[in-house]
4 protein chains.
Amino acid sequence: MTEKQERILTVALELFAQQGYAATATSRIAREAGVSEGLIFRHFESKEGLLKAILEYGNKEVNTFNSRLSTYTDPRARLRAILEAPFYFEPQQYHFWRLIYSLKWQMETYDNSMSTTIKEALLEIFEQLAYPDPNAEAELLVAIIDGTMMAMLLRQPENARDMLAVLVQKYGV
Amino acid sequence: MTEKQERILTVALELFAQQGYAATATSRIAREAGVSEGLIFRHFESKEGLLKAILEYGNKEVNTFNSRLSTYTDPRARLRAILEAPFYFEPQQYHFWRLIYSLKWQMETYDNSMSTTIKEALLEIFEQLAYPDPNAEAELLVAIIDGTMMAMLLRQPENARDMLAVLVQKYGV
Amino acid sequence: MTEKQERILTVALELFAQQGYAATATSRIAREAGVSEGLIFRHFESKEGLLKAILEYGNKEVNTFNSRLSTYTDPRARLRAILEAPFYFEPQQYHFWRLIYSLKWQMETYDNSMSTTIKEALLEIFEQLAYPDPNAEAELLVAIIDGTMMAMLLRQPENARDMLAVLVQKYGV
Amino acid sequence: MTEKQERILTVALELFAQQGYAATATSRIAREAGVSEGLIFRHFESKEGLLKAILEYGNKEVNTFNSRLSTYTDPRARLRAILEAPFYFEPQQYHFWRLIYSLKWQMETYDNSMSTTIKEALLEIFEQLAYPDPNAEAELLVAIIDGTMMAMLLRQPENARDMLAVLVQKYGV
DNA sequence: TATGAATGAGCCTTCATTCAT
DNA sequence: CATGAATGAAGGCTCATTCAT
């Protein structure tokens, strides 16, 4: 991956995340990345190819997180780690997550696997913890995580720590 | 409001909600509404004007909900009504809410007042219920509501009822 | 001619004169005249029909001037009357003349007869006055009149009187 | 400046001059220049940008003329050069001047500086020649020049030379 | 590898004109 | 006579994509 390729990816991620995929012109990406318009297509074939490259690139980080999760054997610890995730994601991942969530609202969903993965992990946890309705609990917690992600990405509340504290306490972990 | 005007609004709402505002062509709206493209602009002036008309139209329903809320004097009842809202919104409002949430991810946010309003209502409730950190509780619950809305709008889980049951029980209302 | 018809004519003349025929929308004419868009077409058939109606209406005034001219039997007096014309046209005719001159620059010239008429009148005068090259003198004076019309219509110089004085003296009339 | 850019400029000048700026479609310019419509906007940004480019390009020639004027120290010689100008402009400049004069009749005048410049030059000349009312003389001569330009551009009289002769003799230069 | 001129389809919008009322 | 909703062609402009260099 050359330096220009990387610059294209970075700038495209930022713009896609801020203005949306459809509303971002490739010409603008080229200009802000300081490369020619043609180069984007030489490297990524099409605008959609560029998007896919971004998503693959970002997915690695997600997988890293997922595998880190499985180091916790204690279900309480795993639950806590999951609860904390939205509150501590790396700032450099900010644009990536904005993009992911913004894409969720477009018809042709790009990959819903993330939610499914986490849902299954949660299901296992709640079963281990012998919650009465582990399925509903898991589904609800996926929703809560999406909601806190939204808060962190869109509103960036000052009292994020306190929110986490309340959440942690509710789940007793 | 003539019949054609209404048809434009309905079709536009549907398409904006499904594909996103930027990705929807006015020509497509016109075609699917069975009117000439020019008519859209005669009635709504611009694509953005059309969006605003949709939002105003939908906002009435939101206000209806809000004022219905204030009929509950008991904080527990109000809290419960708020918790239930995402699980029982009218099916005809589906597209409207999808549009609202999809727009939240675009930079020039169209109106964030809804979240603020609900946040304040929640703050009051948690204060009345003497929660230790009402502010964090309110902020967290706004997030939870956003998350459940996302679930209902994007995944439409079969066990929605159970999710609500779990939620209601967590808040003891 | 109803009152609304007259209002359409007046407003159209004003707008055509100020912004040009092509750049003026019939919808704007309708709005500023306080009539419906359809009415223009009921009365004048098309945008071009409206223009023709305006020109015919204005031409009457021109003919009035021309026939007034022929009351002067003395060539000097006639010449003087012609020289004075651009400096004393009725203010209500301002828009009409602007329109005439602005149309001269569009390919499909609407009527060049005015220049020809005046050219012939001048030719006769200069022949009667035994100028050495009456033809060139006539052609030049037509140009001078066009030039002074331009000055009066576009720049409206404060010293118009003085200009006329200089001109009258040059021709010794 | 590439060859296609130049072709766009040439064709646009011709069409703007013949049919007027507002009445000329960019699609027509593209077609007659043998380029895609998009190219016009890539090079000139907008239709108005194209017009400005044409005007700047043509202005150079005007400035050349102006500076050539100032080589004449004798006021009579300068006056004569000014009088001759409309009768001898380069045929390749025909469209440029038609455009300039046609634009004068549109409200938002593009640059009136030319008339002002020449007016000042004439004022100086008539003062040096001790004319009784130099201001009126200058203003009148500006008008006469505009009038002869109109004649040359719109009617192209066969006896142009004779007109100039008469004019030169009237000013005794 | 990299450029940027060039393309053409499609976008939002305007406008002259028609027609049911 | 008069309205104004409705049309559809065209207008200026943008954008993803291609290609000669």
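Computed from heavy atoms alone, side chains included, the values below leave out hydrogens, waters and symmetry copies. By convention in this document, chain letters (A, B, ...) are assigned in the order of the sequence lines, proteins followed by strands, and residues within each chain are numbered from 1.
The side-chain contact (heavy atoms from CB on, under 4.5 Å) check on B:Thr24 picks up B:Leu15, B:Phe16, B:Gln19, B:Ile29, with sequence neighbours excluded. The ring pair (Phe, Tyr, Trp, His ring centres under 6.0 Å) test applied to B:Phe41 returns no partner, not counting sequence neighbours. Every residue meeting the side-chain contact (heavy atoms from CB on, under 4.5 Å) condition with C:Glu90, not counting sequence neighbours, appears here in chain and number order: C:Gln92, C:Gln93. Taking the side-chain contact (heavy atoms from CB on, under 4.5 Å) definition, one finds that D:Asn59 meets it with D:Val62, D:Phe96, D:Asp111, D:Met114, sequence neighbours left out. With sequence neighbours left out, B:Arg42 forms a salt bridge (Lys or Arg N to Asp or Glu O under 4.0 Å) with C:Glu37. In this structure, B:Tyr57 has no side chain to side chain donor-acceptor pair (under 3.5 Å) partners at least two apart in sequence or on a different chain. Legend: residues meeting side-chain contact (heavy atoms from CB on, under 4.5 Å) with B:Gln5, ordered by chain and number and at least two apart, are B:Met1, B:Thr2, B:His43, B:Phe44. A:Glu3 pairs by the salt bridge (Lys or Arg N to Asp or Glu O under 4.0 Å) definition with A:Arg7, not counting sequence neighbours.
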Distances under 3.5 Å between nitrogen or oxygen atoms of protein and nucleotides 17-21 of chain E:
from   : atom 1 : to      : atom 2 : distance (Å)
E:dT17 : OP2    : C:Lys47 : N      : 2.8
E:dT17 : O4     : C:Glu37 : OE1    : 3.4

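One atom, CD1 of D:Ile40, and another, P of E:dA5, lie 16 Å apart when rounded to the nearest Å. Here E:dG10 presents its C1' atom at 12 Å from CZ of B:Arg31, a figure rounded to the nearest Å. As rounded to whole Å, 17 Å separates atom P of F:dA10 from atom CD1 of D:Ile29. When the C1' atom of E:dC15 is taken as reference, atom OH of C:Tyr21 falls 12 Å away, rounded to whole Å. Between the CZ atom of C:Phe44 and the P atom of E:dA16 there is a distance of 15 Å, given to the nearest Å. For the pair C:Arg28 CZ and E:dA16 P, the interatomic distance rounds to 12 Å; values are reported in whole Å.
Residue whose closest nucleotide on DNA chain F sits further toward the 5' end, between C:Val35 and B:Lys4: C:Val35.
Taking side-chain N and O atoms only, D:Ser36 has a distance below 4.0 Å to OP1 or OP2 of E:dT7.
Residues C:Lys47 and C:Tyr21 are in side-chain contact: their nearest non-hydrogen atoms beyond the backbone lie under 4.5 Å apart. Between A:Met152 and A:Tyr94, every side-chain heavy-atom pair lies at or beyond the 4.5 Å cut-off.
Listed nucleotides F:dA2, F:dA6, F:dC15 differ in distance to B:His43; the shortest reach to its side chain belongs to F:dA6. Closest to the A:Leu39 side chain, of the nucleotides E:dT7, F:dA2, E:dT3, is E:dT3.
Within residues 5-16 of chain C, no residue has any heavy atom under 4.0 Å from DNA chain E.
With a cut-off of 3.5 Å on both pairing distances, the Watson-Crick and G-U wobble pairs of DNA chain E assemble into stems of 3 or more at E:2-21 with F:2-21.
Residues in residues 12-35 of chain C take part in these salt bridge (Lys or Arg N to Asp or Glu O under 4.0 Å) pairs, two or more places apart or across chains: C:Arg28-C:Glu32.
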